[in-house]
Amino acid sequence: MQVSILPTQRFGITFAQTPASAGMTWKERILNADGTINWQEYTKVAQNYHKREMIDYRFGPKYSDFHATEESFPQVYSPYKDGIIRINAGNWCRVDPGEDGDPGAGWMMSGQMLFSPDANAPSEYQFGSSNMRTSDGVQSFTDNGLCLRIRPEWQPDWWNRNTISTPTTPAVKKFSETFGSSLPLPPIATARGVGGASVTGFLAFQNGLIGISGTGNDPYTSEGFSYISTQLPKDKVPTAMAVTNYNEFVLVTVWDTANRKGQVAVLAVKNRQMAQEKRFYWGIPGWPTVTGLKLLGFVDLPFAAPNAIDVTVALRLGNPRGYSDNENDDFNLQSVRDTWYNARWDAAWGDDYWKKTAQGGYAIVSSRAENKVAFIDLRPLLRYYRMMYLTTQEKFDKTKNEGQASNQWPYTFSHAPKQKPVVSKVLTIEQPTAVATGNWWNSVRTPRSGWNGEEFKPLKTGYVASMDGTVRMYDVESLILPRSTAAVSDTPLKSFKVGKNPVQMFHGFTSTSGDDLYIVSRGDRSIHYTYYDGTVNAVLRDSRLKDPVNVTVSLDQAGYGGSGPGKAVYANVLTVMDFNGKQVVNYMVDDGLNPNGEQLNLVGPNGEKMIFQHGFSNPVNGNPFMFSFDEVI
């Protein structure tokens with residue numbers, strides 16, 4: 001079934017047919033006229049990957065490259081001019097309440113906003129990374145008022161706690177102080193796990209430094225943990241990054257300028273064992289704190305210029321905050337290892353719910369310039385860590401000898417080659433611009449795919465978007481099931497249409513539903529809100545957006561006990577990085593789910609139902625291009 005962009009009327013906003021791209025002059029700068037790679041330009045792009053010119057090139061052709069004349073864009077309705085929603089709230093619910101701010105319980109989402117800073121920007125912006133709140137909610141203890149602030153903020157104010165909102169990301173400042181002028185700024189990428197709460201964010205720099213950050217009110221600020229980092233070898237230039245669902249591993253695409261080849265760097269992460277606060281293990285599901293990063297090795301790709309990556313492992317856990325199920329689950333005990341080893345990876349609930357590790361998983365990597373897409377089987381890596389941690393005492397004891405040597409845990413690929421992920425399939429697709437791995441719904445948000453086993457469907461689908469706006473869906477079930485033979489088909493299950501040059505497909509734990517996709521198309525200045533099966537639910541085009549290149553979806557909520565109208569309220573918040581518009585723009589999204597009647601009702605000026613409403617636009621001292629975040633704890 002094909003779903004095309006047709007003239008559509010959605011809740012008072014008309015979206016016109018996307019015109020053809022005839023006459024476009026944009027071209028891949030790393031290619032010669034005959035389509036081969038120009039290695040001199042390849043190296044130049046890699047060496048300057050963090051600079052504004054190359055960031056622009058990374059995202060490919062913009063609206064003006066496809067459109068000779070400007071279309072007439074609608075302006076999405078904006079009912080709250082200051083981005084603040086007041087429900088029974090007093091005067092304390094305002095932009096910055098100051099000293100008389102009403103005390104209450106708060107809800108915030110925060111993370112790293114990356115941008116190319118203007119030359120004349122204040123010094124605190126020259127790092128090109130700010131801690132930004134997507135939005136926040138407060139319930140009052142004095143008047144029971146509810147206050148939602150749909151405002152992207154990176155300036156400290158009354159709502160700030162520690163460094164939740166600050167122009168300079170503390171971790172990036174620390175790395176800059178440690179490595180000095182050798183650290184190229186801004187970071188080229190930021191990423192978090194998308195399966196559950198991921199307080200730790202990962203940062204990649206052009207020189208190969210891979211480091212961590214937090215949400216600004218976390219163990220790195222309150223418990224004294226360090227912002228650790230590790231370094232890729234010389235001439236290995238990171239170009240994109242993804243993190244497995246529960247922070248087990250980090251995958252980084254690399255341009256090797258010395259050997260002229262593309263690779264995926266695989267890093268193991270040492271983090272707190274899921275659902276408890278005492279023990280730290282490598283490559284095991286965890287959440288709030290990371291204490292170690294180690295480069296295991298590289299997976300060679302059959303192309304030289306990878307530019308996009310996404311990853312999924314077959315595991316469903318959700319948010320472990322407040323759980324203590326694994327408090328006594330020390331892997332030194334054979335009975336504990338047996339429980340974890342035999343726990344069903346696909347179990348919805350049960351006594352062993354939090355005692356699971358992934359047995360299947362995969363990554364998708366693409367090269368826009370070379371018209372190639374690779375599917376990487378992660379099962380050898382996942383099986384190996386299960387074997388070492390969860391089988392015999394002898395094997396577990398070997399994991400206690402930790403260190404950076406290849407024969408110290410976690411072992412490198414050179415020492416234990418059988419753990420190395422495998423490129424299982426390579427496809428030829430013209431100008432693949434973005435990839436997304438299927439995401440499994442979790443226990444917090446309602447799945448689109450239904451119940452009674454149907455919720456497994458999104459996990460079995462991988463997505464590849466191409467320059468012309470086609471999104472192809474592939475059956476990846478063979479890479480999810482623990483013992484099946486890898487067999488991704490050459491033929492997609494289905495395809496559907498979005499706007500020209502789709503540069504990102506957002507999904508994950510914080511979205512309207514874990515299996516929803518938000519696809520941002522730079523070439524048409526559009527954002528398609530789609531379901532996992534390729535159904536296009538709604539299209540956002542707004543005259544405010546000049547050059548959207550990156551989107552995220554979060555949750556803003558407030559409540560004071562009980563359920564039902566008046567007791568609590570929430571809003572889904574779509575946050576857009578507007579690169580050449582030099583702003584961050586927030587919208588509210590109606591997901592159509594509305595449990596307990598608590599979702600903010602989005603209606604237009606004449607009472608018509610709406611899917612999108614504008615919340616607030618905040619200007620940036622530079623060009624924003626990427627954002628990752630999670631709940632502030």
Side-chain angles (χ1 to χ4, degrees), residues 46 49-51 54-55 58 110-117 124-132 154 163-194 198-216 218-221 225-232 236-244 247-255 264-271 287-295 308-311 504 550 552 577 622-630:
Y49 212 70
H50 60 298
K51 295 182 179 178
M54 297 312 175
I55 296 171
R58 285 162 53 184
S110 178
Q112 285 63 60
M113 185 256 293
L114 305 187
F115 59 98
S116 175
E124 64 263 34
Y125 291 97
Q126 293 301 327
F127 296 87
S129 178
S130 296
N131 277 11
M132 182 178 79
W154 48 90
T163 55
I164 295 169
S165 304
T166 183
T168 302
T169 296
V172 176
K173 183 177 182 181
K174 183 257 185 183
F175 296 143
S176 182
E177 291 170 348
T178 301
F179 299 103
S181 59
S182 66
L183 183 69
L185 296 171
I188 65 100
T190 177
R192 277 176 165 81
V194 298
S198 297
V199 171
T200 298
F202 297 84
L203 295 162
F205 296 83
Q206 184 276 335
N207 68 343
L209 185 78
I210 310 297
I212 65 169
S213 188
T215 59
D218 49 47
Y220 305 108
T221 58
F225 286 91
S226 299
Y227 296 120
I228 61 167
S229 64
T230 192
Q231 181 72 49
L232 301 183
K236 307 279 191 183
V237 179
T239 60
M241 178 168 59
V243 183
T244 54
N247 305 310
E248 302 96 331
F249 301 96
V250 177
L251 277 62
V252 185
T253 57
V254 165
W255 292 14
V264 173
V266 181
L267 290 81
V269 180
K270 186 178 184 181
N271 55 173
W287 73 295
T289 315
V290 168
T291 61
L293 282 173
K294 184 175 180 180
L295 174 65
I309 186 170
D310 200 12
V311 64
Q504 182 212 8
N550 182 268
T552 57
M577 303 293 109
N623 300 68
F625 63 90
M626 194 171 293
F627 179 52
S628 78
F629 69 96
D630 216 303

[X]: partners by side-chain hydrogen bond (donor to acceptor under 3.5 Å, both in side chains), with sequence neighbours left out:
X      : value
Asp310 : Thr437, His507
Lys236 : Asp256, Gln263
Thr169 : Ser129, Asn131

Closest approach of [X] to [Y] (non-hydrogen atoms, all atoms of both residues):
X      : Y      : result
Arg192 : Thr215 : NH2-CG2, 3.9 Å
Asn271 : Val290 : CB-CG2, 4.0 Å
Pro170 : Thr163 : CG-OG1, 3.7 Å
Leu114 : Pro187 : CD1-O, 3.7 Å
Ser130 : Pro167 : OG-O, 2.5 Å
Gly622 : Phe115 : CA-CD1, 4.4 Å

Output yes when a side-chain donor or acceptor of [X] lies under 3.5 Å from a complementary backbone atom of [Y], and no otherwise.
X      : Y      : answer
Thr168 : Glu124 : yes
Gln112 : Gly214 : yes
Thr244 : Phe249 : yes

Any side-chain heavy-atom pair from [X] and [Y] closer than 4.5 angstrom?
X      : Y      : answer
Gln126 : Leu185 : no
Pro238 : Leu232 : yes
Phe127 : Lys173 : yes
Ile188 : Arg58  : yes

Enumerate, atom names and distances included, each donor-acceptor pair closer than 3.5 Å involving a side-chain atom of residues 199-212, sequence neighbours excluded.
unit_1, atom_1, unit_2, atom_2, d
Thr200, OG1, Tyr220, OH, 2.6
Thr200, OG1, Pro288, O, 3.3
Gln206, NE2, Ala46, O, 2.9
Gln206, NE2, Gln47, O, 3.4
Asn207, OD1, Leu209, N, 3.1
Asn207, ND2, Ser182, O, 3.3

Taking only residues two or more places apart in sequence, or in another chain, which ones meet Asn550 in a side chain to side chain contact (heavy atoms under 4.5 Å, CB included)? Gln504, Thr552, Met577, Met626, Phe627
Drop me the distance from [X]'s [atom1] to [Y]'s [atom2], to the nearest 0.5 angstrom.
X      : Y      : atom1 : atom2 : value
Gln231 : Leu295 : CD    : CG    : 10.0 Å
Ser198 : Asn247 : OG    : CG    : 4.0 Å
Leu183 : His50  : CG    : NE2   : 9.0 Å

Test side-chain contact (heavy atoms from CB on, under 4.5 Å) applied to Val252 and Ile309, Leu267, Val237, Val264, the passing residue: Leu267
Enclosure of Lys174 NZ (heavy-atom neighbours >12, cutoff 6.0 Å): yes
Could you list the residues that satisfy ring pair (Phe, Tyr, Trp, His ring centres under 6.0 Å) with Trp255, not counting sequence neighbours? Tyr42, Tyr49
